[in-house]
Amino acid sequence: QVQLVESGGGLVQPGGSLRLSCTASGSILSIYTMGWYRQAPEKPREFVARIRFGGSTNYADSAKGRFIISRDNAKNTVYLQMNSLTPEDTAVYYCNVGARTEYWGQGIQVTVSS
C-alpha cells in the first residue's frame, strides 16, 4: 500500500543540473527520514544524502558542496537538487524512506554524458 514515486531523472551534460523528487503515498503515518541512494552498473548501492524529521541532513563526501536535499513534510516529498554533475554521478537513484519500516523506490536513471 506504500508507494514511492520518483521523478526528475534523465540525461544531462557534464556540469549540468537535475532535481530529483520522491513522493511517498499510502499508509505511512510518520516519516522519520527521507533520502537518496544510488547504484552504478556493477557497483554496490551507496548512500547519497538524507534528511531527518528535525531537518538535519547528511551527505556523502561525493555529494557535499554539489547536492542539496530538502523536503516538504506536508507532501511527504523529498527533493535532491544535483548541481555540477559529472559522469561519475551516472547511476540509478533510489528514494529511501525510513518510517516504522523502510521503503525503497523503483529507482530512476540519471545519466551524465556529453
Side-chain angles (χ1 to χ4, degrees):
Q1 294 183 1
V2 175
Q3 185 177 18
L4 306 182
V5 179
E6 300 146 316
S7 63
L11 175 65
V12 66
Q13 293 184 338
S17 299
L18 287 173
R19 191 178 79 152
L20 303 182
S21 300
C22 174
T23 298
S25 62
S27 58
I28 301 178
L29 298 180
S30 181
I31 297 176
Y32 305 131
T33 66
M34 301 187 77
W36 294 91
Y37 288 69
R38 68 186 183 187
Q39 187 170 21
E42 301 181 354
K43 294 183 179 180
R45 189 171 300 184
E46 65 176 1
F47 167 79
V48 178
R50 72 185 296 178
I51 185 166
R52 296 178 174 85
F53 178 81
S56 63
T57 58
N58 295 101
Y59 295 93
D61 288 341
S62 61
K64 291 179 180 178
R66 299 189 300 128
F67 295 180
I68 301 173
I69 190 167
S70 61
R71 72 185 186 192
D72 186 334
N73 286 342
K75 298 180 179 179
N76 284 341
T77 298
V78 63
Y79 306 94
L80 185 67
Q81 178 67 44
M82 303 187 293
N83 302 313
S84 301
L85 287 163
T86 75
E88 287 69 41
D89 296 312
T90 296
V92 176
Y93 284 69
Y94 295 90
C95 180
N96 173 258
V97 170
R100 291 175 59 183
T101 59
E102 194 172 39
Y103 303 94
W104 292 92
Q106 293 290 315
I108 187 166
Q109 180 70 47
V110 171
T111 301
V112 184
S113 176
S114 60

### Message
Can you give me the closest heavy-atom contact between Ala99 and Ser30, atom names plus distance?
### Response
CB-O, 3.1 Å
### Query
Mind checking whether Val92 and Met82 sit in one hydrophobic cluster, side chains of I, L, V, M, F, W, Y counted as touching below 4.5 Å?
no
### Query
To the nearest 0.5 Å, how far apart are CD1 in Ile68 and OH in Tyr79?
14.5 Å
#### Entry: Point-to-point distance, once rounded to the nearest 0.5 Å, from CD of Gln81 to CG of Leu18
8.5 Å
### Query
Can Trp36 and Cys95 be said to form a side chain to side chain contact (heavy atoms under 4.5 Å, CB included), step by step?
CA-CA 5 Å; Trp36 294 91; Cys95 180; 4.0 Å; yes
### Message
Tell me the closest heavy-atom pair linking Pro14 and Ser114, and the distance in Å.
### Response
CD-N, 3.6 Å
### Task
Indicate yes or no for a side-chain donor-acceptor contact from Tyr59 to the backbone of Ile69 under 3.5 Å, with no hydrogens or angles considered.
yes
### Query
Does one hydrophobic cluster hold both Val97 and Leu80, with members joined at side-chain heavy-atom distances below 4.5 Å?
yes
### Query
Are Leu4 and Tyr32 connected in the hydrophobic side-chain network, where two residues link if heavy atoms are under 4.5 Å apart?
no
### Message
Please find the pair of heavy atoms, one from Ser84 and one from Ser17, that lie closest to each other, and give the distance.
### Response
N-OG, 4.3 Å
## Note on the structure
Checking Val12, Leu11, Leu85 against Thr111 for side chain to side chain contact (heavy atoms under 4.5 Å, CB included), the one that qualifies is Leu11
### Task
For Thr23 and Thr77, indicate whether the former's side chain and the latter's backbone hold a donor-acceptor pair under 3.5 Å.
no
#### Entry: side-chain contact (heavy atoms from CB on, under 4.5 Å) involving Ser62 - partner list, sequence neighbours excluded
Arg38, Ala60
### Query
Can you get from Ile108 to Phe47 by hopping between Ile, Leu, Val, Met, Phe, Trp and Tyr side chains that sit under 4.5 Å apart?
no
### Message
Quick check: do Val78 and Ile31 have side-chain heavy atoms less than 4.5 Å from each other?
### Response
no
## Note on the structure
Interatomic distance, OG1@Thr33 vs CG@Asn96, rounded to 0.5 Å, equals 6.0 Å
### Message
Quick check for you: to the nearest 0.5 Å, what is the distance between Arg19 atom CZ and Ser7 atom OG?
### Response
8.5 Å
### Query
Same cluster or not: are Ile51 and Tyr94 linked, directly or through other Ile, Leu, Val, Met, Phe, Trp or Tyr residues, by side-chain heavy atoms under 4.5 angstrom apart?
no
### Task
With side chain to side chain contact (heavy atoms under 4.5 Å, CB included) as the test, would you mind laying out the steps for Thr101 and Val2 before giving the verdict?
CA-CA 11 Å; Thr101 59; Val2 175; over 6 Å; no
### Query
Which of these passes side chain to side chain donor-acceptor pair (under 3.5 Å) with Arg66: Thr86, Asn83, Asp89?
Asp89
### Message
Would you compute the distance between atom OG1 of Thr57 and atom CZ of Phe67 and round it to the nearest 0.5 angstrom?
### Response
14.0 Å
### Task
Check the surroundings of atom CD in Gln106: do more than 12 heavy atoms from other residues, nucleotides or ligands lie under 6.0 Å from it?
no
### Message
Working to the nearest 0.5 angstrom, can you tell me the gap between Arg50 CZ and Met34 CE?
### Response
12.0 Å
